[in-house]
Every structure is written in C-alpha cells, then in structure tokens.
There are 2 protein chains.
Amino acid sequence: MHDKNTIIQSLKSKGLRVTPQRFAVYANLLQRTDHPTAEQILLDLNQDVPTLSQATIYLSLQTLHQTGLVRQVLLEEGVCRYDANISPHHHFRCLCCGKIEDIAWESFSNLTLDKLRSGLKVDKYEVIVEGKCDNCL
Amino acid sequence: MHDKNTIIQSLKSKGLRVTPQRFAVYANLLQRTDHPTAEQILLDLNQDVPTLSQATIYLSLQTLHQTGLVRQVLLEEGVCRYDANISPHHHFRCLCCGKIEDIAWESFSNLTLDKLRSGLKVDKYEVIVEGKCDNCL
DNA sequence: CTTTGTGCAAACGATTTGCAGGATG
DNA sequence: CATCCTGCAAATCGTTTGCACAAAG
C-alpha cells in the first residue's frame with residue numbers, strides 16, 4: 001500500500017529531511033482512515049515509540065500540512081483533524097457518534113461553480129455533509 | 001432591519017431570558033456580515049459597554065448556537081466564527097486576505113445528494129470555497 | 001422568590017515557543 | 001559540518017469553570 005520508499009520519496013520531494021519521527025507521523029496518518037487529531041496520533045505512536053514528544057507531533061503535522069502532504073479537516077469547534085488522503089474528496093460527519101467518513105469526489109460531479117459571484121478565483125472547494133450514519137439509525 | 005422587538009422575540013421564542021448582555025451579543029452579530037470571532041465581538045462591544053466579561057460572551061455565543069439562533073463557521077484551524085444569518089448559504093474564504101464572504105444557496109442549486117452512500121441520513125450540508133477575492137487579484 | 005445569567009479570577013486544554021543538544025544530508 | 005529537527009519545559013492563547021452576587025420573569 002504505502003511502502004517505506006514511497007513515503008521517503010514523498011517527504012524528500014518536498015525538501016523535508018526524513019527523520020524517524022516525521023516518518024512515523026506521516027506513515028501513521030497514511031495507514032489510517034479515521035481522520036485523527038494530533039493527540040490521537042500521539043497516543044497511537046507512543047505505544048511503539050514512547051519517546052515522541054508532543055511538540056514534535058504538532059510541528060510535524062504543521063510541516064506536512066504546509067507542504068501539502070496532508071490535509072486538515074475542520075468539522076468541529078476547536079478540533080483539528082488530519083488526513084493523509086489528499087486526492088479530492090468530501091467529508092461526512094455523523095452528528096450522533098461523531099464518526100467521519102469520506103465522500104467520493106464524484107458524488108458531487110453535478111456541482112459546478114458557474115454561478116458564483118464574478119471576480120472570485122476559486123482554488124478549491126469542499127462539501128461538508130452532516131447527518132446520521134447507518135449505525136446510529 | 002433587525003428591530004429591538006424582533007430580537008427580543010427571537011430570544012424568548014427559544015426560552016432564553018432577555019438580558020442586556022445577551023441582547024447586545026446577538027444584536028451585534030445580527031448587524032454584522034463579517035463572521036466575527038468571540039474576541040472580535042468582545043472588542044466591538046467593549047467600546048460601548050466596557051463592563052462585559054469574556055466569560056459572558058463565550059457563554060452567550062454557546063447558548064445562541066445551541067438554540068440555533070446563530071451558526072458556527074469553521075474555516076481556519078483553531079478559529080471559531082459566528083454568523084447570525086441562519087438562512088441556508090455557503091461560505092467563501094480568501095486565502096490571501098482572509099475575508100469571508102457568503103455564497104448564496106442558489107449558487108449550488110445544481111447540487112444534489114443522490115449518489116451518497118446509502119444508509120446515511122443527511123441533516124445539512126455546506127460548500128466551503130477557497131481562493132482569491134477580487135481585491136487580492 | 002425561584003431560577004437563570006453575570007462578573008471575576010482561577011483553571012484548563014490544546015498548541016507554540018525558546019533553547020540546547022542531536023541527527024540529517 | 002552546516003542546517004534542520006527533536007525533546008523538554010515553560011509560555012501562550014482561546015475557552016471554560018466555580019462561586020457569590022444580581023437580575024429576569
């Protein structure tokens with residue numbers, strides 16, 4: 001899936017040094033689909049590498065985000081989640097259990113930006129959907 | 001536009017007591033279109049009523065949000081903005097100057113949810129658009 | 001007069017910072 | 001070996017809480 005060398009190449013392609021910590025954060029995020037927060041990543045990684053500091057997690061995520069390797073997902077007040085899947089897609093959040101699920105980009109292939117106020121240059125857009133998932137229904 | 005009695009009625013209709021502080025917060029938000037943060041509202045109100053505590057602002061906004069009188073706007077990491085315009089609309093954020101602008105709901109009248117994974121019950125959705133505004137171009 | 005809201009200050013949680021030592025390219 | 005990264009602890013920022021008093025209905 002995401003082999004070691006590919007990950008290393010991704011980091012290098014952005015001019016980032018490949019350190020064990022940064023590698024671990026990025027690799028962890030790549031293999032997850034649950035849109036974790038910084039804290040959740042820290043908890044997960046500390047099971048294997050108990051000497052990973054909070055500051056490093058936060059700095060790594062900041063760096064990965066700035067270089068475009070990971071995406072931020074902002075759905076709840078005060079909660080910043082991360083997603084290493086940077087191919088275009090949208091998000092669904094269950095208002096009941098809080099689960100966050102990807103929505104395929106093509107689900108909104110009918111969405112066009114034609115009628116926006118002229119003068120705006122659109123770089124990107126995303127649809128946020130909220131409701132209840134099947135588990136909660 | 002938003003006359004005093006209408007505001008009072010809105011608050012009462014949600015079972016909220018009408019206090020000067022709560023009224024001031026809601027009225028302030030109603031007359032603004034800039035999607036302010038709690039801090040910005042505090043700064044603005046403190047010019048007239050210097051004895052308005054932070055805690056009250058935060059509590060008021062929380063209350064107004066919970067009762068559905070105001071909407072939260074989450075576009076930037078760690079920044080919670082508020083919007084008293086609760087009629088359906090979307091948001092645009094300029095990546096250059098940070099300005100946040102409303103996008104009319106009808107701009108995406110072509111957006112349908114047909115192809116979403118079955119089993120999801122959709123309560124609401126919003127399109128977040130990012131790019132550059134005309135000022136910044 | 002009961003209940004809810006406010007102000008204040010302290011507490012809190014998430015994130016950032018300064019700095020000295022360590023690892024990368 | 002110059003630069004960039006990490007760990008640690010302290011600092012900071014936005015938000016929340018506890019409590020005593022005040023005001024709304």
Side-chain angles (χ1 to χ4, degrees), chain A residues 4-5 7-28 35-46 48-67 69-70 72-82, chain B residues 4-5 7-29 35-46 48-67 69-70 72-82 98:
Chain A
K4 201 165 171 175
N5 286 325
I7 298 178
I8 292 176
Q9 283 316 310
S10 297
L11 292 171
K12 286 191 175 171
S13 75
K14 299 295 182 180
L16 300 177
R17 287 192 180 170
V18 181
T19 67
Q21 295 86 341
R22 189 173 283 165
F23 180 92
V25 170
Y26 188 37
N28 183 266
H35 312 84
T37 62
E39 194 196 1
Q40 290 170 332
I41 295 172
L42 178 64
L43 278 173
D44 198 9
L45 289 179
N46 267 351
D48 303 322
V49 193
T51 57
L52 189 53
S53 91
Q54 291 190 29
T56 300
I57 297 276
Y58 283 103
L59 285 177
S60 300
L61 288 170
Q62 202 172 280
T63 306
L64 291 169
H65 176 236
Q66 281 165 3
T67 55
L69 287 177
V70 312
Q72 286 185 341
V73 181
L74 308 174
L75 304 177
E76 302 133 287
E77 179 187 358
V79 179
C80 181
R81 300 177 172 281
Y82 292 91
Chain B
K4 201 165 169 172
N5 286 327
I7 298 178
I8 291 175
Q9 282 319 308
S10 297
L11 292 170
K12 285 192 174 169
S13 74
K14 300 294 182 180
L16 300 177
R17 286 192 180 173
V18 181
T19 67
Q21 295 87 340
R22 189 174 282 166
F23 180 92
V25 170
Y26 188 37
N28 183 267
L29 208 41
H35 311 84
T37 62
E39 195 195 0
Q40 291 169 333
I41 295 172
L42 179 63
L43 278 172
D44 197 10
L45 289 178
N46 267 352
D48 302 322
V49 193
T51 57
L52 188 55
S53 92
Q54 293 190 27
T56 301
I57 296 276
Y58 283 103
L59 284 177
S60 299
L61 288 171
Q62 202 172 280
T63 306
L64 291 169
H65 176 235
Q66 281 166 2
T67 54
L69 288 177
V70 312
Q72 286 185 342
V73 181
L74 307 174
L75 304 178
E76 301 132 289
E77 179 188 357
V79 179
C80 183
R81 302 176 172 282
Y82 292 91

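Order of the sequence lines fixes the chain letters, A, B, ..., with proteins taken first and strands second; residue numbering starts at 1 for each chain.
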Seminar exercise, completed: With sugar-phosphate taken as primed atoms, P, OP1 and OP2 and all else as base, the protein-contact string of nucleotides 20-25 of chain D at under 4.0 Å (heavy atoms; B, S, -) is ---BBS
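Taking only side-chain nitrogens and oxygens, A/Gln21 never comes nearer than 4.0 Å to OP1 or OP2 of C/dA23.
As a whole-Å value, the separation of A/Glu76 CD from C/dG13 P is 18 Å. Atom-to-atom, CG of A/Leu11 to P of D/dC5 comes out at 11 Å; the value is rounded to the nearest Å. One can place CD of B/Gln72 at 12 Å from C1' of D/dT15, the figure rounded to the nearest angstrom. To the nearest angstrom, P of C/dA14 lies 10 Å from CG of A/Leu43. One can place CG of A/Leu42 at 14 Å from C1' of C/dG13, the figure rounded to the nearest angstrom.
Residue order along DNA chain C, read from the 5' end via each residue's closest nucleotide, puts B/Leu52 first among B/Leu52 and B/Glu77.
Between B/Asn46 and B/Thr51 the shortest heavy-atom distance is OD1-N, 4.4 Å.
Note that CG of A/Asn28 and CG of A/Leu42 are 10.0 Å apart. Values are rounded to the nearest 0.5 Å. With values rounded to the nearest 0.5 angstrom, A/Gln72 atom CD is found 4.5 Å from A/Tyr82 atom OH. Put simply, CZ on B/Phe23 and CD1 on B/Ile7 are 4.0 Å apart, with the number rounded to the nearest 0.5 Å.
With sequence neighbours excluded, the residues satisfying side chain to side chain contact (heavy atoms under 4.5 Å, CB included) with A/Ala24 are A/Leu45. Under the side chain to side chain contact (heavy atoms under 4.5 Å, CB included) criterion, A/Leu75 pairs with A/Val73, A/His91, A/Arg93, A/Ile100, A/Ile128, sequence neighbours left out. Residues satisfying the salt bridge (charged side-chain N to carboxylate O under 4.0 Å, His left out) criterion with A/Arg81, sequence neighbours excluded, are A/Glu76.
Of the residues in residues 53-63 of chain B, those lying under 4.0 Å from DNA chain D by heavy-atom distance are B/Gln54, B/Ala55, B/Tyr58, B/Gln62.
An end-to-end axis angle of 50° holds for the helix from C/dC1-D/dG25 to C/dG25-D/dC1, taken from five base pairs per end and rounded to 10°.
No contact: A/Thr37 has no heavy atom under 4.0 Å from any strand.
Among residue pairs with one or both ends in residues 35-45 of chain B, those qualifying as salt bridge (charged side-chain N to carboxylate O under 4.0 Å, His left out) are B/Arg32-B/Asp44; sequence neighbours excluded. Legend: side-chain hydrogen bond (donor to acceptor under 3.5 Å, both in side chains) pairs involving residues 7-17 of chain B, not counting sequence neighbours: none detected.
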Atom pairs and distances, donor-acceptor, side-chain atoms in residues 54-63 of chain A, under 3.5 Å, two or more places apart:
{"unit_1": "A/Thr56", "atom_1": "OG1", "unit_2": "A/Ser53", "atom_2": "OG", "d": "3.1"}
{"unit_1": "A/Ser60", "atom_1": "OG", "unit_2": "A/Thr56", "atom_2": "O", "d": "2.7"}
{"unit_1": "A/Thr63", "atom_1": "OG1", "unit_2": "A/Leu59", "atom_2": "O", "d": "2.8"}

